[in-house]
Each structure stands twice: as structure tokens, then as C-alpha cells.
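Only a predicted model underlies this, so the values are computations on that prediction, with no experimental measurement involved. Basis for what follows: all heavy atoms, side chains included, without hydrogens, waters or symmetry-related copies. Chain letters run A, B, ... following the sequence lines, proteins first, then strands; residues in each count from 1.
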2 protein chains.
Amino acid sequence: MEDLLSNLKIVVNEGLFQIEPSTSKIGKKIVLNSVDMIAELGFEKFTFKKLGEVIGSPEASIYRYFKSKNQLLSYLVSWYWAWMEYQLVFETKNIVSPNIRLEKSIALVLSNTTDNFSVEGIDLKKLHQIIISESIKSYLTKDVDIANKEGAFQNYKQFVERISKIIIEINPDYKYPQMLLTTIIEGAHLQVFFGEHLPRLTNRQKSASYITKFYTNLVQQSIKAK
Amino acid sequence: MEDLLSNLKIVVNEGLFQIEPSTSKIGKKIVLNSVDMIAELGFEKFTFKKLGEVIGSPEASIYRYFKSKNQLLSYLVSWYWAWMEYQLVFETKNIVSPNIRLEKSIALVLSNTTDNFSVEGIDLKKLHQIIISESIKSYLTKDVDIANKEGAFQNYKQFVERISKIIIEINPDYKYPQMLLTTIIEGAHLQVFFGEHLPRLTNRQKSASYITKFYTNLVQQSIKAK
DNA sequence: TGCATTATAATAGTATTACTATTATATTTG
DNA sequence: CAAATATAATAGTAATACTATTATAATGCA
């Protein structure tokens, strides 16, 4: 697995961990192995005990880094959006036309990595699987307001905000940029899941890019419309 | 609370329970009180033990009716879609124009009950809250394929299929009716949640109908487009 | 009506989970 | 090199999800 960006570090909000995991061997192991394990077991069946067995440390040690399973999930999700924002900035740099910038942004949002790449040792393909099936669980809880105050969703908000600004550049009268973006982001995740497990709830096509095409069209129509 | 439809019974798939809850007093209590409790506590903090305390029966008795917490959630979600389908059929009956039928269907999907009504004693407002915050958790699990084989999502599929057919009547060339519908259904749920808890991820307006307007537009644009 | 059959519910458990208080072991600093 | 501090392991607890077994109630039929 090729490691991208070996000289840069993705930074997430302080409220997303107890001890910054990259500061110790055990911390790094927690993050890397939790990605593999959550992708494989799903969030419900993933436990700190099982993770402890894999990394060779007791559960209690993991709690020093993350106060709960949910905080760890939020950390991974935020890490994903921080990495996405980095790519967004990189991909749209020096491009004058907001239309082309938006096009590239949407392509990034809807892209489905099939190659095996890693950043800081994190398997990007597996992380993307987690985003598709589990990320929504990090905010659909009764503790969402507390987590939100701790900054758990800042990276996601920031990412959405950045693309929203491009939309506003293109059409200053458009009233729903955030709404449109979260609709296509969460929608695209869901359609991938439906395509695999509940095909009657989507319209899977032979070509793998049907989801991208569908949502790209949706954005273009929506923004153009008065 | 006014009870609608006192002479009809919503029927859901057999795979969604161990014993049909309406056949006994305890079964009915389970369903009614679980709606109240899941709405209040959220799915994670809701337990069969707590439910048992409320209905005055031990947990073990509840397992006779539902083999797991997830099966109970799936039951409630399916009940919701069965009820929605009934309304759909009722609302669109004898209307010749597919455009008007679609309009009414979409309005139903996006409607946000504010009044206190019940059907079979189930509080429709609370059930709607559950649909918004919890329903997605019934299929975003690693056991989705097993549950699907047991018919857990049939009512949802059937509901989506029914509106899909109206879309195809209007535009036989449209390739993504299911995709469009699940996008707006799940999208609308999420936007309600965001509006309440993560407003920076949506574009909340003074008027309560902004979500409906947004998604109604989305559907109309999408179907018209070649 | 009475007794056997069957359906239903309660008791009493288990293994696992999420999490914590406390103790032990490294690592760093003066 | 000893004291201070950071880090990790041990040994727990209360609660959770679920099951096997026993008790009770309802029903069928002679």
C-alpha cells in the first residue's frame, strides 16, 4: 500500500480525543487498527476489548486516548473530512473559474477510491467504507449537542462551508448550498450502501459512475435554477 | 390524542416479529411504549430492561415478541411505511393526472406532522421522530442482508416502488426513480435533524416548509430533465 | 365440569460490554 | 541518580443483550 503525503499531518479538533493518538505507539496502533476493525466488523460489533486484543493492550489503555467508542468514530470521521479538505484545497488551487472549482469539488466528494492508498498508515479505502456505513451514526445520537460543542463535527462543517462558498460565487442568490451539499454527500453514501445491499431502493447501473452522474446533474440543475 | 383509522389494521411482514404483538395485551404495550421510549431516549439508550420496567414485565417476556432491539426498531419502521403506503393509496385514489398524483405523493413523504394523532394507539408524531433519527440504523448494520431476506425492508421498498411507478408514468425515460426518491426521503429526514442540532450543515429558514420546498423542486427539475 | 394440553409469562441465570479506580511500570527532569 | 511525572496494566463494577428453565394462565375436549 502506497503512502501518500508522508511529510504532512492531518490535524483534527482537540475535543476528539483525550490524548493525541499520534504521540505514542499505542495511540497510533489504536487508530490504524480501529479503521481495519470497524470496516470489517461494523461499528456495533467493534469493541475496545477486541481492539485491545489485536493491539496487545488492555481495553483500559484505549480509554486513555478515546473516552468512548463514539469519540473514536468521530475522530476517524473528522480525520476523513480533514483529509478531504486538504485534497479540496489542493485540487482547486489556482483555478480561477468557480464553475471548474465546483466541478472538481463535487467530483472529489463523490469519488470512490478503488486503489489501495494510505495516509499516516490509515487505509483510505477502508476509511471510506466506514464513512459510507458508519459516519452517520456519529451524529445521529442523543448526545449530538454535547459532541457538537466539543467540536466533533467542525471538520465536516468546514468542508461543506468551503464548497458552499464556491456555489455562492456562481449563484449569489442560491439559498440552500449547505442543504444541497449534505444531501448529495449523505445521499451518495447511502446509494453505495443500497447498491450493495438493498438494490430495490436505488437504480444500480452497469457503469460504476452512475451515482456520480446522478448527483453531479442534481447539483448543476439546482444551482442554475432561479 | 385522536385515533385515526380505528377500524383498520396496519399489517407488516411476518419476519418482523416472533409473535404478532397485537395478539396480546403485553405485545400491544411493548409496541406503544417502545415508540414513546425510543423517541425520548434514542435507540442506543433504549433497552428491553427499561421497557420491561415501564410495562411491568421482565425483559425476557419482550424477547418472546421481538428477538432483538433491532427487530423491534425494524418493526416500527416498517409499520410507519405500511401506514404511509395506506395514506399514499388513499390520497392518490381516483386522480387521473400522474403529475398531481406525484405532487400529492411527494407532499406526503415530506410532510411533518405537528398534530397529535394516533393509529392503533401509536403516537404518530413520536414515530415520525424515530423515523427521522433512528430509522437509518435499522439497515446500516452488518446484518442487513439477513434482515433483508427476512423481509424487514419490504414495506419501505414497496412504498418507494409505488411512487417510482408514478414517475415512470410521467417520464418513461427517467432512469433513477428509486434513487431520486430515497435521496429526498432520507435527505429530508437528515435536514430536519441538522436543522435542530447542526444548523451549519443545512440552511434553515424562518418558514417551516423550506425542506419541503427544496426537495419538491429537486424532484420536479430532475424528472423534467432529459 | 375437570383434566390435559398448550400458550404465555416470570425467574434466574450467562457472557459480554462500556467504563473506572487503583496500582505498577516506564520515562523524563533537575 | 532520585524525584516527579507520564503511561500502561490490573482488577474491578454496573449494565446490557440474551437464554434456559420453571411457573402460571388459558384453552380444548371428554
Side-chain angles (χ1 to χ4, degrees), chain A residues 14-34 37-38 40-76 134 137-138 141-143 146-147 150 152, chain B residues 14-34 37-38 40-76 134 137-138 141-143 146-147 150 152:
Chain A
E14 292 243 328
L16 287 162
F17 48 76
Q18 308 299 104
I19 298 171
E20 158 76 78
S22 64
T23 59
S24 80
K25 218 167 181 178
I26 222 180
K28 282 175 203 154
K29 276 200 214 167
I30 289 170
V31 171
L32 300 194
N33 287 285
S34 67
M37 291 179 75
I38 296 173
E40 195 193 333
L41 301 171
F43 186 63
E44 284 77 25
K45 285 172 187 163
F46 165 79
T47 69
F48 278 6
K49 181 141 191 225
K50 288 176 191 167
L51 175 59
E53 278 159 22
V54 169
I55 66 171
S57 296
E59 312 176 63
S61 299
I62 302 166
Y63 281 94
R64 294 192 62 248
Y65 292 86
F66 297 99
K67 70 179 173 191
S68 65
K69 235 171 85 166
N70 220 292
Q71 192 184 43
L72 173 53
L73 179 62
S74 294
Y75 176 90
L76 297 178
E134 319 293 346
K137 296 171 192 171
S138 72
T141 55
K142 286 282 169 183
D143 302 323
I146 299 162
E150 291 170 357
Chain B
E14 291 241 328
L16 286 161
F17 48 76
Q18 308 300 102
I19 297 170
E20 160 73 81
S22 63
T23 59
S24 79
K25 217 168 181 176
I26 222 180
K28 280 177 204 154
K29 275 200 213 164
I30 289 169
V31 171
L32 299 193
N33 287 285
S34 68
M37 291 179 77
I38 295 173
E40 194 193 334
L41 300 170
F43 186 61
E44 285 76 25
K45 285 171 185 162
F46 164 80
T47 69
F48 278 9
K49 181 140 190 226
K50 288 176 190 166
L51 175 59
E53 278 157 23
V54 169
I55 66 171
S57 296
E59 314 176 62
S61 299
I62 301 165
Y63 282 93
R64 294 191 62 250
Y65 292 86
F66 297 99
K67 69 178 174 191
S68 67
K69 234 173 88 166
N70 219 290
Q71 192 185 44
L72 173 53
L73 179 62
S74 294
Y75 176 90
L76 296 178
E134 318 293 345
K137 296 171 191 170
S138 71
T141 56
K142 286 282 169 183
D143 302 323
I146 299 163
E150 291 170 356

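- Between B:Glu44 and A:Lys69 there is no salt bridge, since no side-chain N of the basic residue sits under 4.0 Å from a carboxylate O of the acidic one.
- Here the nucleotide nearest the side chain of B:Thr47, chosen from C:dT11, C:dA18, D:dT16, is D:dT16.
- The residue A:Tyr65 sits close only to the backbone: its heavy atoms come under 4.0 Å of sugar-phosphate atoms, none of a base.
- You'll find that the side chain of B:Lys69 is closest to D:dA17, out of D:dG12, D:dT16, D:dA17.
- Below 30°, between 30° and 60°, or above 60°: for B:Phe43 and B:Phe46 the angle between ring planes is below 30°, a parallel geometry.
- Atoms CD (A:Gln18) and C1' (C:dA18) sit 14 Å apart, rounded to a whole Å.
- Spacing between atom CZ of B:Phe17 and atom P of C:dT8 amounts to 13 Å, rounded to whole angstrom units.
- Between the side chain of A:Gln71 and the backbone N or O of A:Gly15 there is at least one donor-acceptor pair closer than 3.5 Å.
- Look at B:Ser61 and you won't find any side-chain N or O under 4.0 angstrom from OP1 or OP2 of C:dT8.
- Ionic pairing of B:Glu40 and B:Lys50 is not present here: no N-O contact between side-chain nitrogen and carboxylate oxygen is shorter than 4.0 angstrom.
- Look at NZ on B:Lys49: it is 14 Å from C1' on C:dT14, rounded to the nearest Å.
- Nucleotide C:dA18 holds its C1' atom 13 Å from the NZ atom of B:Lys45, rounded to whole Å.
- Closest approach to the B:Ser68 side chain among D:dA9, C:dT17, D:dC18 is made by D:dC18 (side chain taken as heavy atoms from C-beta onward).
- Of the candidates B:Tyr75, B:Phe66, B:Phe17, B:Ile30 forms a side chain to side chain contact (heavy atoms under 4.5 Å, CB included) with just one, namely B:Phe66.
- Checked against C:dA9, C:dC19, D:dA17, the side chain of A:Glu59 finds its nearest nucleotide in C:dC19.
- Rounded to an integer number of Å, the gap from B:Tyr63 OH to C:dA7 P is 24 Å.
- One atom, NZ of A:Lys28, and another, P of D:dA8, lie 12 Å apart when rounded to the nearest Å.
- Summarising the geometry, the separation between CZ on A:Phe43 and P on C:dT17 is reported as 13 Å, rounded to the nearest angstrom.
- Across D:dA9, D:dG12, D:dT16, the shortest atom-to-atom separation from the side chain of A:Ile26 is found for D:dA9.
- Distances shorter than 4.0 Å separate some side-chain N or O of B:Ser57 from OP1 or OP2 on C:dA10.
- Distances were taken from every side-chain heavy atom of B:Ala60 (C-beta onward) to each of D:dA17, D:dT19, D:dT10; the shortest belongs to D:dT19.
- When the P atom of C:dT17 is taken as reference, atom NZ of A:Lys50 falls 5 Å away, rounded to whole Å.
- When the nucleotides C:dA9, D:dA8, C:dC19 are ranked by their closest atom to the side chain of A:Arg64, D:dA8 comes out on top.
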